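Worksheet: the structure to be examined is printed underneath.
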Amino acid sequence: MHPLRSMILAAAGSDALKRVITRAPVTRDVVRRFVAGESTRDALAAARRLVAAGLTVSLDYLGEDTTDEALADATTRAYLELLEALPSAGLAQYVEVSVKLTAVGQLLDEQLALDNVRRVCLAAERCGTTVTLDMEDHTTTDSTLRVLTRLRREWPWVGAVLQAYLRRTEADAAALATPESRVRLCKGAYAEPAEVAFPDRHDVDLSYVRCVNALLSGDGYPMFATHDPRLVDIVADRAAHHGRKADSFEFQMLYGVRPIEQRRLAELGHTVRVYVPYGVQWYGYLMRRMAERPANTALFLRSLVSRG
């Protein structure tokens, strides 16, 4: 792993650094590039702008590693509030939600997380949209896939996320490439030990391409989350090779990252979904975005120096 990326991911767990960064006057100006805001109203406003530009959206209420049952319930209720608002906002057809199971109680009890996310799936069903379960660090992978399996008994459309940097992911991709299965493939953004994850960036890219082929050769609906121009081109090429129509897969990108490319792909006829986070617990998310792209880190640090 690149030393800068290791340092930033370590900073994500530093309470002292968190206090410094979250209190810096400039921080919220920089955060707005990557986070839609703190409220349901902010999330809906960002979604409206993106949908008007021809894009689709996945909204993520920020939070993770919750060890408080009341906070897990509050996070669940935030999703219910959002989902209730989507139809009247005219957005249910274009906007789904992404849920981190650790935000709704997974670290306390797997059954608690399942019960909470079931409430979210019921609300999504009522308003006519879908839910995707975010994947977190490797210690939660098996639990998340168990919850996914149980949810899909009632809602086959519940989406999964796989991370290409994990050594296991190619096999998981093949297993999940089944009819009605929605699978988001990303590179991965957590600090992981070498025994479970590829430490070299090139090996991660090769794994990503192998997983692309596994998903496109299956019968599911793949969702390719990447900002890498090479991988975007490879996905398009492999989709053509596998005879995939444009409406049988999609590209996904993060809010605030490569917006021009998002619109370009949409104009070419691709479905492009923008992952839009919102909420007050943005620190861990921001640190992972910094770790993924050195340009993001430079932008943030320059802003702190110039205006802090």
Side-chain angles (χ1 to χ4, degrees), residues 28 31-64 66 68-106 112-134 147 151 154-161 182 184 221 223 225 250 252-257 259 262-263 266 271-286:
R28 292 194 182 276
V31 170
R32 286 192 189 100
R33 174 172 173 174
F34 304 104
V35 178
E38 296 187 350
S39 68
T40 296
R41 181 178 179 179
D42 294 332
L44 293 173
R48 283 192 194 93
R49 291 192 297 269
L50 292 166
V51 169
L55 304 164
T56 58
V57 175
S58 188
L59 290 172
D60 169 29
Y61 183 73
L62 289 170
E64 56 191 280
T66 298
D68 181 291
E69 188 168 343
L71 182 56
D73 179 68
T75 298
T76 304
R77 286 187 282 106
Y79 277 108
L80 301 183
E81 176 185 287
L82 173 67
L83 288 163
E84 185 178 2
L86 287 181
S88 59
L91 293 171
Q93 180 182 353
Y94 309 100
V95 178
E96 69 144 23
V97 297
S98 290
V99 180
K100 287 181 173 61
L101 289 182
T102 68
V104 294
Q106 186 179 36
L112 173 65
L114 174 61
D115 291 343
N116 281 334
V117 79
R118 284 192 79 256
R119 294 162 62 192
V120 176
C121 289
L122 280 166
E125 181 180 47
R126 284 195 295 268
C127 79
T129 190
T130 55
V131 177
T132 295
L133 302 185
D134 277 337
V147 171
L151 291 172
E154 296 178 75
W155 302 286
W157 43 254
V158 174
V161 176
R182 299 168 55 251
R184 177 196 301 154
Y221 181 81
M223 304 177 287
E250 68 183 47
Q252 296 193 357
M253 294 187 182
L254 297 171
Y255 183 68
V257 182
Q262 294 171 14
R263 293 193 295 272
T271 298
V272 180
R273 190 173 301 276
V274 183
Y275 185 93
V276 180
Y278 73 104
V280 298
Q281 298 188 58
W282 48 260
Y283 177 75
Y285 175 84
L286 176 67

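Values in this document were obtained by computation on a predicted structure and should not be read as measured data.
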Using only atom types and a distance under 3.5 Å, with no angle test, would you say the side chain of N116 pairs donor to acceptor with the backbone of A113?
no

Does any part of the side chain of Y275, heavy atoms only, come nearer than 4.5 Å to the side chain of V257, both counted from C-beta?
no

In Å, rounded to the nearest 0.5 Å, how long is the span from CZ of R263 to CG of L55?
8.0 Å

Check: T56 side chain, V272 main-chain N or O, donor-acceptor pair, under 3.5 Å
yes

Inspect the surroundings of CD in Q93 and state if more than 12 heavy atoms from other residues, nucleotides or ligands are less than 6.0 Å away.
no

Taking all atoms of both residues into account, what is the closest heavy-atom pair of A47 and V95, and its distance?
CB-CG2, 4.0 Å

Below 4.5 Å, heavy atoms only, C-beta onward: do Q262 and V274 meet side chain to side chain?
yes

Side-chain heavy-atom pair L44, L91 within 4.5 angstrom cut-off:
yes

Tell me whether R182 is salt-bridged to E96, with the criterion being a basic N under 4.0 Å from an acidic carboxylate O.
yes

How many angstroms lie between CG in L254 and OG in S58, if you round to the nearest 0.5 Å?
10.5 Å

Straight-line distance of Y61 OH to L80 CG, nearest 0.5 Å:
12.0 Å

Where do A124 and V131 come nearest, in terms of heavy atoms and distance?
CB-CG2, 3.6 Å

Restricting to non-hydrogen atoms, name the atom on Y255 and the atom on P277 that form the minimum distance, rounded to 0.1 Å.
CB-CD, 4.1 Å

Tell me the closest heavy-atom pair linking A43 and A36, and the distance in Å.
CA-CB, 4.5 Å

Which atom pair, heavy atoms only, marks the closest approach of D134 to V161?
CA-CG2, 3.9 Å

So, taking the atom named CG in L50 and the one named OH in Y94, what distance separates them when rounded to the nearest 0.5 Å?
13.5 Å

Quick one: are Q281 and E64 in side-chain contact, heavy atoms under 4.5 Å?
no

Can you find a heavy atom in the side chain of V99 that is under 4.5 Å from one in the side chain of Y79?
yes

Quick check against the 3.5 Å criterion: does R273 have a side-chain atom that pairs as donor or acceptor with the backbone of Q252?
no

Would you check if R118 and W155 make a side-chain contact, meaning some heavy-atom pair closer than 4.5 Å?
yes

Give the intermediate values and the outcome of side-chain contact (heavy atoms from CB on, under 4.5 Å) for residues R119 and L122.
CA-CA 5 Å; R119 294 162 62 192; L122 280 166; 5.6 Å; no

Is the shortest heavy-atom distance from the side chain of T129 to the side chain of L83 under 4.5 Å?
yes

Within the 3.5 Å criterion, strictly below it, is a donor on S98 or T132 matched to an acceptor on the partner's side chain?
no

Minimum heavy-atom distance A266-G54, with the two atoms named:
CB-O, 3.9 Å

SG (C121) and CG (L133) are apart, to the nearest 0.5 Å, by 6.5 Å

Is there a side-chain contact between V120 and V97 (heavy atoms, below 4.5 Å)?
yes

Atom CG of L86 and atom CD of E81: how far apart are they, to the nearest 0.5 Å?
11.0 Å

Does the salt bridge (charged side-chain N to carboxylate O under 4.0 Å, His left out) test come out yes or no for R77 and D73, once each step is laid out?
CA-CA 6 Å; R77 286 187 282 106; D73 179 68; 2.8 Å; yes

Partners meeting salt bridge (Lys or Arg N to Asp or Glu O under 4.0 Å) with R49 (sequence neighbours left out):
none

Let's go through T66 and V104 carefully: what are the C-alpha distance in whole Å and the side-chain angles of both, what is the deciding distance for side-chain contact (heavy atoms from CB on, under 4.5 Å) to 0.1 Å, and is it a yes or a no?
CA-CA 7 Å; T66 298; V104 294; over 6 Å; no

